[in-house]
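Everything on this sheet refers to the single structure shown next.
Keep in mind that the numbers below use all heavy atoms, side chains included, and drop hydrogens, waters and symmetry copies. Numbered from 1 within each chain, the chains take letters A, B, ... in sequence-line order. No experiment lies behind these values; they were computed from the predicted model shown.
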Protein chains: 2
Amino acid sequence: MAVIRLLLADDQALVRGALAALLDLENDLEVVAQVGRGDEVVAAAREAGADVCLLDIEMPGADGLEAAAAVARELPGVRTLVVTTFGRPGYLRRAMEAGASGFVVKDTPSAELADAVRRVHAGLRVVDPTLAAESLSGGTSPLTAREADVLREALTGATVARIAAAVHLSPGTVRNHLSSAIGKTGTATRAEAARTAREQGWI
Amino acid sequence: MAVIRLLLADDQALVRGALAALLDLENDLEVVAQVGRGDEVVAAAREAGADVCLLDIEMPGADGLEAAAAVARELPGVRTLVVTTFGRPGYLRRAMEAGASGFVVKDTPSAELADAVRRVHAGLRVVDPTLAAESLSGGTSPLTAREADVLREALTGATVARIAAAVHLSPGTVRNHLSSAIGKTGTATRAEAARTAREQGWI
DNA sequence: ACCTGCCCCTGACATCCGTCACGGGTGCGC
DNA sequence: GCGCACCCGTGACGGATGTCAGGGGCAGGT
């Protein structure tokens with residue numbers, strides 16, 4: 001039986017190397033490529049002939065969800081497994097929509113990772129069970145595209161004027177979108193709204 | 001020569017297990033304990049007879065800096081190496097003040113971790129060189145204790161009224177502290193001030 | 001053709017926020 | 001003792017913010 005060829009993508013070199021050490025202990029797994037940026041995944045996977053890509057979400061260049069979509073689009077035979085720190089319901093949904101075959105949070109015991117890789121390689125879907133329930137209940141974002149845009153800018157604590165400049169809108173419109181987003185998130189200030197939206201994976 | 005006995009503390013089980021796999025590859029290193037909470041470090045290190053503790057900063061119970069201080073206080077012969085995601089200057093300073101022997105960010109190549117452990121065990125100090133410069137230049141926090149308190153509450157985007165309630169102060173006083181903190185951080189809003197203070201490791 | 005939802009903008013309002021000036025209290029080092 | 005820094009509070013000011021009521025435009029579904 002042929003070994004499963006893996007690509008690891010994580011911006012933290014130490015974690016990347018440690019995961020490689022962990023997975024290389026398995027006889028049927030082989031790490032054939034490692035990258036630290038999301039926009040290098042497709043090229044590296046193609047060159048190394050990877051079967052499965054392990055993708056972290058938080059990465060420079062392109063995040064793991066974009067990378068998963070790119071792999072699904074350009075390398076149809078290659079499966080992707082998203083491995084992330086944050087078990088946000090919206091992340092799971094977005095990962096599945098991006099064509100990922102699996103979703104694992106970094107809280108899971110390390111012994112299960114190799115099995116998750118094997119299942120994904122076999123064509124099965126791997127989803128963190130506790131997260132799946134949350135995702136089904138309240139996963140989809142109630143925010144409109146513009147509301148998500150202004151909330152993204154609001155994450156840094158920017159003023160209305162700067163958000164308006166960044167999104168090329170009138171300050172009044174920005175305030176309307178923010179007010180709407182605050183209502184939808186059940187919060188009282190834009191900072192809280194941005195915070196909860198991020199925790200839900202909506203932005 | 002005796003092997004170096006290691007304790008790993010990281011709240012993410014997957015990362016913890018992967019680091020264990022990485023370090024167990026070295027003949028002179030042995031992982032003898034793993035914990036996922038900061039407040040279990042001392043007991044586990046004592047029971048397992050660890051020589052060196054690898055501590056992540058972000059952990060429930062007690063963070064890695066508190067854990068390092070506890071180890072230094074209660075297990076004088078045991079050295080600690082702080083391994084963290086965020087290379088914030090204030091973190092390095094606080095780690096050293098807590099009695100840690102080393103400070104490594106998760107961006108460093110995985111091949112260097114084992115060497116860092118050996119150096120720490122040998123009594124040397126290990127510090128990420130790029131971070132050391134930053135820390136010397138602008139590491140110490142300009143914030144007073146109260147300013148740090150209100151900024152911590154402001155991180156979530158709370159209103160002045162809620163911050164005041166949480167810190168048991170008058171709303172006016174809270175606004176004064178916030179205004180002062182905004183001035184010291186060179187920002188324009190409390191959200192930005194809280195953000196930069198966190199990035200500097202001041203809170 | 002009509003309704004609905006989202007987008008963009010304007011204007012007005014009450015409230016909140018950031019700033020400043022001020023006074024009084026404490027503890028520390030010179 | 002004196003200055004100094006920090007703490008806590010008050011009061012007032014201008015500007016920012018969140019909310020509401022409108023108006024118009026543009027797509028998709030009935």
What's the closest nucleotide to the side chain of [X] if the choices are [options]?
{"X": "T144(A)", "options": "dG18(D), dG18(C), dC7(C)", "result": "dC7(C)"}
{"X": "S170(B)", "options": "dC7(C), dT10(D), dT10(C)", "result": "dT10(D)"}
{"X": "S179(A)", "options": "dC8(C), dG18(C), dG18(D)", "result": "dG18(D)"}

Are any of the side-chain heavy atoms of I57(B) and F103(B) separated by less than 4.5 Å?
->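 Yes, side chains in contact.
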pair L113(A)-L54(A): side-chain heavy atoms closer than 4.5 Å =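 In contact.
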Indicate whether OP1 or OP2 belonging to dG18(D) is found under 4.0 Å from a side-chain N or O atom of H177(A).
->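 No, because none of the side-chain N or O atoms of H177(A) sits under 4.0 Å from OP1 or OP2 of dG18(D).
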Would one find a side-chain N or O of R146(A) under 4.0 angstrom from OP1 or OP2 of dC6(C)?
->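 Result: no.
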For [X] and [N], give me the distance from atom [atom1] to atom [atom2], rounded to whole Å.
{"X": "L169(A)", "N": "dT10(C)", "atom1": "CG", "atom2": "C1'", "answer": "14 Å"}
{"X": "L178(B)", "N": "dC16(C)", "atom1": "CG", "atom2": "P", "answer": "15 Å"}
{"X": "H168(A)", "N": "dC9(C)", "atom1": "NE2", "atom2": "P", "answer": "12 Å"}
{"X": "D149(A)", "N": "dC8(C)", "atom1": "CG", "atom2": "C1'", "answer": "14 Å"}
{"X": "E147(A)", "N": "dT19(D)", "atom1": "CD", "atom2": "P", "answer": "12 Å"}

Can you tell me how far the [atom1] atom of [X] sits from the [atom2] atom of [Y], to the nearest 0.5 Å?
{"X": "I203(A)", "Y": "R195(A)", "atom1": "CD1", "atom2": "CZ", "value": "11.5 Å"}
{"X": "D128(A)", "Y": "D107(A)", "atom1": "CG", "atom2": "CG", "value": "8.5 Å"}
{"X": "E147(A)", "Y": "W202(A)", "atom1": "CD", "atom2": "CH2", "value": "11.0 Å"}
{"X": "R119(A)", "Y": "E112(A)", "atom1": "CZ", "atom2": "CD", "value": "8.0 Å"}
{"X": "L178(B)", "Y": "T189(B)", "atom1": "CG", "atom2": "OG1", "value": "10.0 Å"}
{"X": "H168(A)", "Y": "D149(A)", "atom1": "NE2", "atom2": "CG", "value": "11.0 Å"}

On DNA chain D, nearest-nucleotide positions of P142(B) versus A188(A): which is more 5'?
->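 Between the two, 5'-proximity favours P142(B).
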Sugar-phosphate means primed atoms, P, OP1 and OP2; the rest is base. With that split, encode nucleotides 11-17 of chain D 5' to 3' as B, S or - using protein heavy atoms under 4.0 Å.
-> -B----B
Estimated bend of the helix from dA1(C)-dT30(D) to dC30(C)-dG1(D) (axis per five terminal pairs, rounded to 10 degrees) =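 Between the first-five-pair axis and the last-five-pair axis there is 30°.
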With respect to D56(B), which candidate in K106(B), R37(B), R16(B) satisfies the salt bridge (charged side-chain N to carboxylate O under 4.0 Å, His left out) definition?
->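 Going through K106(B), R37(B), R16(B) one by one, the salt bridge (charged side-chain N to carboxylate O under 4.0 Å, His left out) with D56(B) is satisfied by K106(B) alone.
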